[in-house]
Asks: 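I have a structure I would like to understand better, so I am pasting it below and will then ask my questions one at a time.
By convention in this document, chain letters (A, B, ...) are assigned in the order of the sequence lines, proteins followed by strands, and residues within each chain are numbered from 1.
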Amino acid sequence: MHERALMTDLMREIEAVAAADGATRVTRVSVRLGALSHFTPEHFREHFVDASHGTLAEGADVEAVLADDLDDPRAAGVVLESIEVEA
Amino acid sequence: MTKRTIVTDYLARVEGEGAMTVKLDGDRVEHVELRIFEPPRFFEAFLRGRSFTEPPDITARICGICPVAYQTSAVNAIERLCGVEVPEPIRLLRRLLYCGEWIESHALHVYMLHAPDFLGYDSAIELARDAPAAVERGLALKRTGNDVMTLVGGREIHPINVRVGGFYCVPTRRELRALVEPLERAREAALETVRWTAGFDFPERVVDCDLVALTQPDEYAIERGRIRSSSGLDLAPAEYDEHFEEIHVERSNALQSQLRGGGTYLCGPLARYSLASGELSPLAREAAAEAGLGEECRDAFRSIVVRSVELVHACDESLRIIDAYDAPERPAEPVEPVAGTGYGVSEAPRGLLYHRYRLDADGTILDAKIVPPTSQNQLAIEDDLRDVVARNTRLDDDALRALCEQTIRNYDPCISCATHFLDLEVERR
């Protein structure tokens with residue numbers, strides 16, 4: 001459920017960035033999962049499929065890398081590094 | 001078709017552990033749903049296999065605001081099972097420690113979380129800019145509560161001095177006397193708090209569900225009592241499970257409690273006050289009357305006034321205990337484990353807190369159940385939100401969000417600080 005809150009925030013940002021760019025579809029999403037984010041890449045992909053349903057990012061490829069630095073100030077979050085879009 | 005890569009480096013994080021969805025069809029409310037994202041914490045599972053002496057320290061970690069409540073319900077359950085009744089000086093010291101927790105918790109909620117709602121500020125920080133004296137008064141109250149917890153409990157957050165059978169060490173009379181002057185100042189501040197909050201503008205909102213709280217003859221129940229309800233229940237702690245049940249709904253990680261067979265109930269300050277206002281200290285009763293409160297109060301928005309009245313009572317009660325204090329002969333009674341099931345309750349600042357432990361003959365915990373007040377109040381909060389939304393469908397989303405946040409904070413749930421960032425989705429058709 002903690003993950004759901006993260007996904008909600010993440011999807012909001014993806015949609016905002018895509019809309020600002022005039023995108024019609026998001027084709028790829030690259031994220032870095034913090035060491036304390038409660039995610040594994042597989043787990044994240046499952047959540048992403050659910051959270052992106054009905055959005056511009058539905059069906060997008062997901063590149064998720066798990067960080068291992070517990071001292072990183074962003075360790076509890078998920079960093080959205082980039083998205084690829086179609087205009 | 002053009003493809004582009006957009007670099008964002010955006011950090012997604014949890015800004016609030018609560019979210020709410022409202023679906024409206026014109027002015028008609030189709031659906032209201034409050035979701036709590038707080039991750040499961042598995043404390044009941046942690047307790048299995050541990051010694052019967054460990055729950056006061058383990059369960060205190062459940063909450064940084066009300067650890068004494070967890071410690072008290074835990075020792076109540078285990079001591080009752082093991083046939084130990086602590087001597088009166090020990091019980092009163094526990095009550096004093098608990099009063100310290102009520103003071104710090106209520107001061108935090110009244111001043112830092114709830115009052116800004118009524119005065120049109122987004123936070124206590126903003127409030128402090130225009131009303132520094134009020135915020136300083138709240139901080140001073142909270143500090144006094146923390147001081148009580150530090151002296152009796154060993155430290156202000158997650159105290160370490162409570163044990164099954166009593167305490168690890170107890171203060172001298174001289175040490176306790178050092179709290180008198182700060183508590184007298186805190187009592188004055190609490191009285192001022194009642195006058196301050198009673199002057200707020202209150203939307204009308206009557207809670208019509210069953211009210212549930214502990215009661216105890218001749219005292220305002222805090223660390224012990226029988227479970228009573230406005231509909232007539234009068235139960236020993238061991239009868240709790242026969243009358244209340246927890247259900248799980250997919251949208252929330254917090255289990256939700258209801259009366260067996262269905263039925264919403266509310267615990268916390270409104271319930272305590274409505275069932276036992278006559279047991280408040282004379283000064284607290286006088287303050288309540290001057291604030292316009294009757295013998296019972298079912299007005300959710302006026303819970304801030306009731307909480308302020310309880311601040312007066314907690315200060316008064318602390319001073320009474322200190323004045324009469326005689327240090328116990330020894331800090332703790334010996335407790336030998338007994339196989340069976342023990343039940344313990346107490347009144348956390350937010351309401352009834354129930355613990356149940358099953359032990360084997362050598363004192364190993366086989367099973368534990370903990371029911372905090374927030375999960376008991378969640379259905380009542382949702383009912384209230386449904387009603388508030390139905391009455392205010394013409395508000396724009398921002399105004400509706402602010403009103404929903406305030407409504408949630410009326411109940412001081414453990415998610416109340418998180419819900420300053422309530423994620424509200426409104427679907428209008």
Side-chain angles (χ1 to χ4, degrees), chain A residues 1-34 36-39 43-44 47-48 50-52 54-57 60-61 63-64 67 72-87, chain B residues 1-23 33-43 62 247-256 372 374-375 378 397-398 401 405 408 413-427 429:
Chain A
M1 301 298 266
H2 166 85
E3 296 90 325
R4 275 181 60 184
L6 280 174
M7 293 306 300
T8 300
D9 190 31
L10 186 73
M11 294 310 301
R12 192 187 298 123
E13 179 66 10
I14 290 172
E15 293 233 279
V17 171
D21 200 64
T24 56
R25 203 163 83 84
V26 177
T27 56
R28 186 177 181 82
V29 172
S30 297
V31 295
R32 190 169 69 252
L33 309 174
L36 301 173
S37 69
H38 296 209
F39 275 122
H43 188 191
F44 178 83
H47 274 276
F48 184 83
D50 181 49
S52 64
T55 73
L56 294 177
D61 292 332
E63 181 186 351
D72 185 334
R74 305 197 287 188
V78 172
V79 175
L80 176 65
E81 295 189 310
S82 66
I83 61 173
E84 290 181 17
V85 299
E86 289 178 355
Chain B
M1 181 186 301
T2 58
K3 283 193 175 185
R4 281 168 40 78
T5 299
I6 306 169
V7 177
T8 68
D9 204 32
Y10 172 79
L11 177 66
R13 65 184 118 208
V14 178
E15 290 190 336
E17 303 284 1
M20 187 175 151
T21 302
V22 174
K23 291 183 181 171
E33 183 177 288
L34 177 66
R35 303 188 298 282
I36 297 177
F37 298 138
E38 180 78 13
R41 299 175 68 195
F42 307 115
F43 268 87
I62 291 173
I247 55 172
H248 179 253
V249 291
E250 190 182 355
R251 64 180 177 273
S252 175
N253 273 8
L255 293 170
Q256 300 185 353
T374 293
S375 61
Q378 198 177 335
D397 288 2
D398 284 343
R401 177 185 299 107
E405 288 181 354
I408 292 171
C414 280
I415 55 166
S416 65
C417 21
T419 50
H420 268 292
F421 308 100
L422 182 68
D423 185 9
L424 177 69
E425 299 165 21
V426 182
E427 290 180 32
R429 283 195 300 179

Asks: How would you list, by chain and number, every residue that makes a side chain to side chain contact (heavy atoms under 4.5 Å, CB included) with A:R74, sequence neighbours excluded?
Replies: A:R32, A:D72, A:V79, B:D9, B:L11
Asks: Among the options A:D21, A:I14, A:V31, A:V26, pick out the one with the most heavy-atom pairs lying under 4.5 Å from chain B.
Replies: A:D21
Asks: Go through the steps to decide whether B:Y10 and A:V78 satisfy the test side chain to side chain contact (heavy atoms under 4.5 Å, CB included), and finish with yes or no.
Replies: CA-CA 8 Å; B:Y10 172 79; A:V78 172; over 6 Å; no
Asks: Without swapping roles, check the side chain of A:S82 against the backbone of B:I6 for a donor-acceptor pair under 3.5 Å.
Replies: no
Asks: Nearest 0.5 angstrom please: A:T27 OG1 to B:R4 CZ, how far?
Replies: 12.0 Å
